Amino acid sequence: MTSLDIKSILSKEAGPHPTETRVRFAPSPTGYLHVGGARTHLFNWLYARKTKGKLILRVEDTDQVRSTRESEEMVLKDIASLDLNPDEGPGFGGDYGPYRQSERQEIFQMLAVSLLAKKKAYRCFCTEEELDSKAKAAKAANKPPHYDGTCTHISEEQSQKRAEAGEKFSIRMTAPQKDYHFEDALRGTVTFKPGMVGDFVVLRSNGMPVYNFSVVVDDYFMRITHVIRGDDHLSNMIRQLMITEAFGWKIPKFAHISMILGMDKKKLSKREGASSVHDYLNAGFLPEALINFLALLGWSPSDGKEIRPLDEIVNDFDLERLNKSPAVFDDEKLLWMNGEYIRAMSTEDLLPRVLPFLEKSGYNVATKPKEWLLKVLAAVQGNLKVLADINAHVDIFFDTKFTFEQDAKTMMQASEAKKVVQVFRQEIEKIGEIQSESDLQKVQTAVKEQTGTKGKNLFMPMRAAVTGKLHGPELKFVMPLIGQKETLRRIDLSLDL
RNA sequence: GUUCCCUUCGUCUAGCCCGGUCUAGGACACCUCCCUUUCACGGAGGUAACGGGGGUUCGAAUCCCCCAGGGAACGCCA
């Protein structure tokens with residue numbers, strides 16, 4: 001498929017309008033999916049599910065310098081990882097495609113030219129350099145950096161002639177100077193006064209549309225019924241309203257949601273090297289926890305129960321319940337929530353998710369029986385906030401990763417401690433494999449009686465010798481899992497410290 | 001400079017539309033205690049907020065006005 005069937009796309013205008021809700025997420029592919037974008041996508045997804053409508057994913061790749069196909073793939077992959085796939089979009093099918101704006105150029109061009117014919121727009125032959133210096137001058141004079149109207153004075157024939165002569169031009173919309181207003185689901189009636197914008201470009205000299213033009217056109221032809229997007233687009237509405245009006249179209253419903261800020265209260269920005277979905281997933285956050293957390297940024301459940309499965313969020317979701325003010329993305333709370341999700345999982349479900357992290361860190365998990373791994377997991381599950389934390393907790397169970405931490409070494413250097421461990425060793429040899437808590441208790445009681453130590457002085461040396469650390473899971477879990485042989489080996493090591 | 005949006009504990013928020021039930025509720029974080037001869041988990045408490053000023057009203061977080069602060073747009077970026 002090479003050329004676009006404009007006729008069929010345009011003919012949809014005359015066709016029946018869908019009765020279902022149609023929302024869209026429209027990222028520009030310039031990197032990984034950002035958590036802010038993910039949240040916008042999520043809200044659209046939730047609204048689509050809630051209203052039993054369709055979610056469209058549209059790629060806004062009209063900026064050919066910044067947009068890449070690789071980025072598009074990354075974004076799509078991140079969305080798939082979150083299990084929030086759209087109903088229509090590149091690779092998803094749908095009757096309103098193509099879903100990449102770069103592939104819809106002809107529509108934009110045709111429509112921009114029709115604006116020319118309607119005298120709602122004109123050709124602008126100004127070069128970028130000219131415009132640049134004009135804008136700078138205006139700014140320096142503390143005037144609004146609007147277009148100065150140079151090309152409005154060019155006559156019809158002149159304009160035509162210059163275009164035919166091959167001179168480069170952009171198509172610039174004449175901005176009517178009057179009030180514009182629209183209803184926003186969150187913010188009520190928003191009114192724009194005249195003077196906010198000057199004549200603006202809708203079609204670049206390279207034939208690509210400009211954002212404000214392409215959104216309006218695509219939202220219209222893709223039959224979008226509700227636009228849920230970040231409120232950084234709110235002040236763009238005036239231009240979009242002008243374009244809509246020029247075509248005589250009806251506008252969809254709008255909900256401009258608040259932005260997500262970083263801990264510094266500044267807008268989260270890709271340039272600041274932050275927070276893509278990809279990064280969070282790599283760090284061991286669970287998609288379901290990330291989604292749950294994101295949903296709570298700007299939206300709140302009617303009953304206050306924060307941790308809940310997606311389908312409950314869908315049921316409870318409502319545009320009316322969205323918060324208008326920006327929200328700071330708090331990693332601490334995400335961390336807590338992720339830990340809650342991890343703890344709520346069965347070890348059976350958790351194991352496959354944790355395995356990749358273990359493998360990456362060089363644990364020889366492949367040689368270990370599953371039953372053993374499940375028990376190890378159970379012993380440390382409560383300590384995990386992110387999946388990657390597993391690496392730091394599980395080393396005591398693997399012979400190859402076993403080492404003494406400094407504070408454990410220091411403790412073992414005391415003769416008191418060595419005495420305890422020596423007796424401990426004898427008792428373990430006597431009893432054989434530790435199978436149960438009572439086995440261990442017998443051993444510990446014997447050590448206590450023979451050495452006369454108790455409390456911390458009794459228990460900590462045993463812990464230090466067996467695990468190489470002063471803290472960690474209970475010995476009654478650790479010892480059966482590492483076995484007598486390894487236990488004795490470690491004890492001997494500790495005695496040499 | 002002009003225009004638009006926002007403003008409740010450190011953070012996420014409930015309450016605001018339909019003023020009294022708000023001595024402002026919940027969650028994260030923090031602190032204390034309990035559980036535990038470790039760590040974590042868990043349990044019980046605690047500290048902590050209506051940006052400021054004017055109105056309206058018997059009564060305002062809630063309604064009105066002004067101010068301040070923050071954000072956004074004014075681009076052939078999205």
Side-chain angles (χ1 to χ4, degrees), chain A residues 26-28 30 60-63 65-67 101 124 126-128 131-132 135 138-139 141-147 168-172 175 184 186-188 190-198 200-212 214-215 230-239 256 258-259 261 263 265-267 293 296-307 320-321 323-337 339-340 343 379-385 389 393 444 454-460 463-464 467 469-475:
Chain A
S28 57
T30 56
E60 310 222 322
D61 55 352
T62 55
D63 181 350
V65 179
R66 297 200 304 148
S67 304
Q101 289 189 325
C124 177
C126 295
T127 65
E128 287 198 55
L131 293 169
D132 211 46
K139 194 127 199 173
N142 231 338
K143 283 185 185 155
H146 295 166
Y147 180 61
K168 285 261 182 200
F169 64 90
S170 63
I171 295 182
R172 197 177 277 278
D184 188 272
L186 272 79
R187 293 159 212 281
V190 179
T191 309
F192 300 98
K193 294 211 174 69
M196 196 174 167
V197 295
F200 56 95
V201 169
V202 293
L203 198 77
R204 286 180 255 237
S205 52
N206 68 2
M208 273 292 183
V210 149
Y211 166 75
N212 283 299
S214 53
V215 251
D231 73 6
D232 48 338
H233 292 292
L234 196 51
S235 19
N236 285 144
M237 268 306 284
I238 184 165
R239 264 163 297 183
H256 286 92
S258 60
M259 315 280 322
L261 311 177
M263 285 308 278
K265 299 240 179 188
K266 292 266 191 303
K267 186 177 160 184
F293 175 75
L296 259 21
L297 256 29
W299 173 82
S300 58
S302 52
D303 62 1
K305 200 181 135 218
E306 294 191 330
I307 295 188
E320 304 294 306
R321 285 191 70 77
N323 198 124
K324 288 184 284 198
S325 45
V328 172
F329 190 100
D330 182 8
D331 281 309
E332 285 291 345
K333 187 158 182 176
L334 208 211
L335 234 24
W336 162 78
M337 186 170 280
E340 293 290 310
R343 257 164 263 129
V380 302
Q381 186 171 15
N383 293 65
L384 309 182
K385 288 211 189 296
D389 286 345
H393 291 281
Q444 288 175 329
K454 56 182 178 175
K456 231 176 153 180
N457 294 332
L458 172 66
F459 289 94
M460 289 313 266
R463 164 174 296 284
T467 69
K469 299 181 189 200
L470 263 26
H471 53 79
E474 296 186 44
L475 287 185

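Only a predicted model underlies this, so the values are computations on that prediction, with no experimental measurement involved. Letters go in sequence order (proteins before strands), and every chain restarts at 1. Side chains are part of it too, since the values below use all heavy atoms of this structure and drop only hydrogens, waters and symmetry mates.
- Here, C18(B) and C65(B) have their P atoms 15 Å apart, quoted to the whole Å.
- The base of C39(B) lies close enough to the side chain of Asn383(A) for a donor and an acceptor atom to sit less than 3.5 Å apart.
- A straight line from OH of Tyr147(A) to C1' of C76(B) spans 12 Å, rounded to a whole angstrom.
- For the pair Phe192(A) CZ and U2(B) P, the interatomic distance rounds to 18 Å; values are reported in whole Å.
- Taking for each of Val190(A) and Phe329(A) the nucleotide of RNA chain B with the nearest heavy atom, the 5'-most of the two is the partner of Val190(A).
- Between the CZ atom of Arg187(A) and the P atom of U7(B) there is a distance of 8 Å, given to the nearest Å.
- Rounded to whole Å, the C1' atom of C34(B) lies 26 Å from the corresponding atom of G25(B).
- One C1' atom belongs to A14(B), the other to G53(B), and the distance between them is 27 Å to the nearest Å.
- Set against C41(B), G1(B), C6(B), the side chain of Lys324(A) has C6(B) as its closest nucleotide.
- C74(B) and C30(B) have their P atoms separated by 42 Å, given to the nearest Å.
- Summarising the geometry, atom OG belonging to Ser28(A) is positioned 9.5 Å from atom OH belonging to Tyr211(A); distances are rounded to the nearest 0.5 Å.
- Atom-to-atom, OH of Tyr211(A) to P of G75(B) comes out at 16 Å; the value is rounded to the nearest Å.
- The nearest heavy atom of RNA chain B to His233(A) and to Leu334(A) marks one nucleotide each, and the one closer to the 5' end goes with Leu334(A).
- For C17(B) and U7(B), the P atoms lie 14 Å apart once the distance is rounded to whole Å.
- Residue His146(A) contributes atom NE2, which lies 10 Å from atom C1' of G1(B) at whole-angstrom precision.
- Closest to the side chain of Glu332(A), from the set U13(B), C28(B), C76(B), is C28(B).
- For U2(B), the OP1/OP2 oxygens have no side-chain nitrogen or oxygen of Lys193(A) closer than 4.0 Å.
- The phosphate of A78(B) has OP1 or OP2 within less than 4.0 Å of a side-chain N or O from Thr62(A).
- Nearest nucleotide to the Asp330(A) side chain, out of C76(B), G10(B), U38(B): G10(B).
- Nucleic acid contact for Glu474(A): base, since at least one base atom lies under 4.0 Å from a heavy atom of the residue.
- For C76(B), the base has a donor-acceptor partner in the side chain of Ser205(A) [N/O atoms by modelled type, under 3.5 angstrom].
- A straight line from CD of Glu306(A) to P of U11(B) spans 16 Å, rounded to a whole angstrom.
- OP1 or OP2 of C39(B) has not a single side-chain nitrogen or oxygen of Arg463(A) nearer than 4.0 Å.
- For Asp232(A) and A73(B), a side-chain-to-base donor-acceptor distance below 3.5 Å is absent, hydrogens and geometry of angles not being considered.
- Inter-residue side-chain proximity for Glu340(A) and Glu306(A) is flagged as unmet; no heavy-atom pair is nearer than 4.5 Å.
- Put simply, CG on Asp132(A) is 9 Å from P on C76(B), counting in whole angstrom units.
- Across the protein-nucleic acid pair, Leu384(A) atom CG and C41(B) atom C1' stand 11 Å apart, rounded to whole Å.
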Atom pairs under 3.5 Å: protein N/O with N/O of nucleotides 14-19 of chain B:
residue, atom, partner, partner atom, Å
A14(B), OP1, Ser300(A), OG, 3.3
A14(B), OP2, Asn323(A), OD1, 2.8

